[in-house]
Amino acid sequence: MVLSALVQRGYEVAVPFGEGQPYDLVVHLGDREFLRVQCKRAWPLQGCVVFNSRSTDHGSGPKSYLGLADIFGVYFPPTSTVYLVPIDAVAAFEGRLRLEPTRNNQRRLIRYAAEFEIDRWSPESLREQFKADAVATEPELNFA
């Protein structure tokens with residue numbers, strides 16, 4: 001669903017060949033910049049969209065995606081919504097995006113799901129958000 005949502009919005013998307021990559025999709029942002037996307041499925045819990053934000057690297061135990069992927073592409077089946085969530089925007093073990101206001105009216109440090117909906121992003125805003133982390137297509141080669 002994440003792949004479909006990205007393609008429907010005009011993004012150029014590639015699927016890595018082979019196994020073992022810490023990301024599921026690669027989005028071309030233009031020039032030589034790419035965004036590594038780790039896809040997740042979310043479920044509702046206590047007014048939140050909840051998803052697993054750690055890898056299950058078989059045999060090595062759970063690991064964070066920090067430095068391995070740039071963004072989570074999160075599919076939420078109850079509303080058929082796709083969210084794009086920067087890896088460092090959620091905890092290293094579980095991602096939570098709020099669908100409803102908190103019962104105690106807390107506003108600080110709350111991540112509302114609406115802020116991460118796929119349509120809130122553009123190729124330009126993704127490029128700016130991840131400029132420092134963008135993956136170059138080719139290393140510079142020295143044939144001297």
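The figures here come from the full heavy-atom set of this structure, side chains too, leaving out hydrogens, waters and symmetry mates.
Transitive grouping of hydrophobic side chains (ILVMFWY, heavy atoms separated by less than 4.5 Å) keeps Val90 and Val50 in distinct clusters. Hydrophobic clustering places Leu99 together with Leu97 (ILVMFWY residues linked when any side-chain heavy atoms are closer than 4.5 Å, directly or through intermediates). Both Val13 and Leu35 belong to a single network of hydrophobic side chains, linked directly or stepwise wherever heavy atoms of I, L, V, M, F, W or Y lie under 4.5 Å apart. Two different hydrophobic clusters hold Val49 and Tyr112 under the rule that ILVMFWY side chains link at heavy-atom gaps under 4.5 Å. Using a 4.5 Å cut-off between side-chain heavy atoms of Ile, Leu, Val, Met, Phe, Trp and Tyr, with links allowed through other members, Val15 and Val82 fall into the same hydrophobic cluster.
To the nearest 0.5 Å, atoms SG (Cys48) and CZ (Arg98) are separated by 4.0 Å. The distance from atom OH of Tyr75 to atom OG1 of Thr81, rounded to the nearest 0.5 Å, is 8.0 Å. Considering CZ of Arg36 and CG of Asp24, their distance stands at 12.5 Å, rounded to 0.5 Å. Distance CD1/Ile118 to CG/Leu126: 8.5 Å, rounded to 0.5 Å. In this structure, CZ in Phe72 is found 10.5 Å from SG in Cys39, a value given to the nearest 0.5 Å. Once rounded to the nearest 0.5 Å, the distance linking CG of Leu68 with CD of Gln21 reads 10.0 Å.
Of all the heavy atoms in Glu115 and Arg120, the pair that sits closest is CA-NH1, 4.0 Å. Annotation for Pro86 and Phe116: closest pair CD-CE2, 3.8 Å, computed over non-hydrogen atoms. Residues Gly95 and Ser53 come closest through the heavy atom pair N-OG, 3.5 Å. Contact between Arg54 and Ala92 at its shortest, heavy atoms only, is CB-O, 3.4 Å.
In this structure, the side chains of Tyr11 and Pro123 come closer than 4.5 Å at one or more pairs of heavy atoms.
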Validation: residues 1-9 side-chain donor-acceptor distances under 3.5 Å, sequence neighbours left out:
{"from": "Ser4", "atom 1": "OG", "to": "Gln8", "atom 2": "NE2", "distance (Å)": "3.1"}
{"from": "Arg9", "atom 1": "NE", "to": "Asp119", "atom 2": "OD1", "distance (Å)": "2.5"}
{"from": "Arg9", "atom 1": "NH1", "to": "Ala5", "atom 2": "O", "distance (Å)": "2.9"}
{"from": "Arg9", "atom 1": "NH2", "to": "Asp119", "atom 2": "OD1", "distance (Å)": "3.4"}
{"from": "Arg9", "atom 1": "NH2", "to": "Asp119", "atom 2": "OD2", "distance (Å)": "3.4"}

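Here the rule is side chain to side chain contact (heavy atoms under 4.5 Å, CB included) with Phe34, and of Leu29, Val27, Asp70, Val26 only Val26 fits it.
Taking the six-membered ring for Trp and the full ring otherwise, Tyr83 and Phe51 have centroids separated by 6.0 Å or more.
The backbone N or O of Ala89 lies less than 3.5 Å from a partner atom in the side chain of Arg111, making a donor-acceptor pair.
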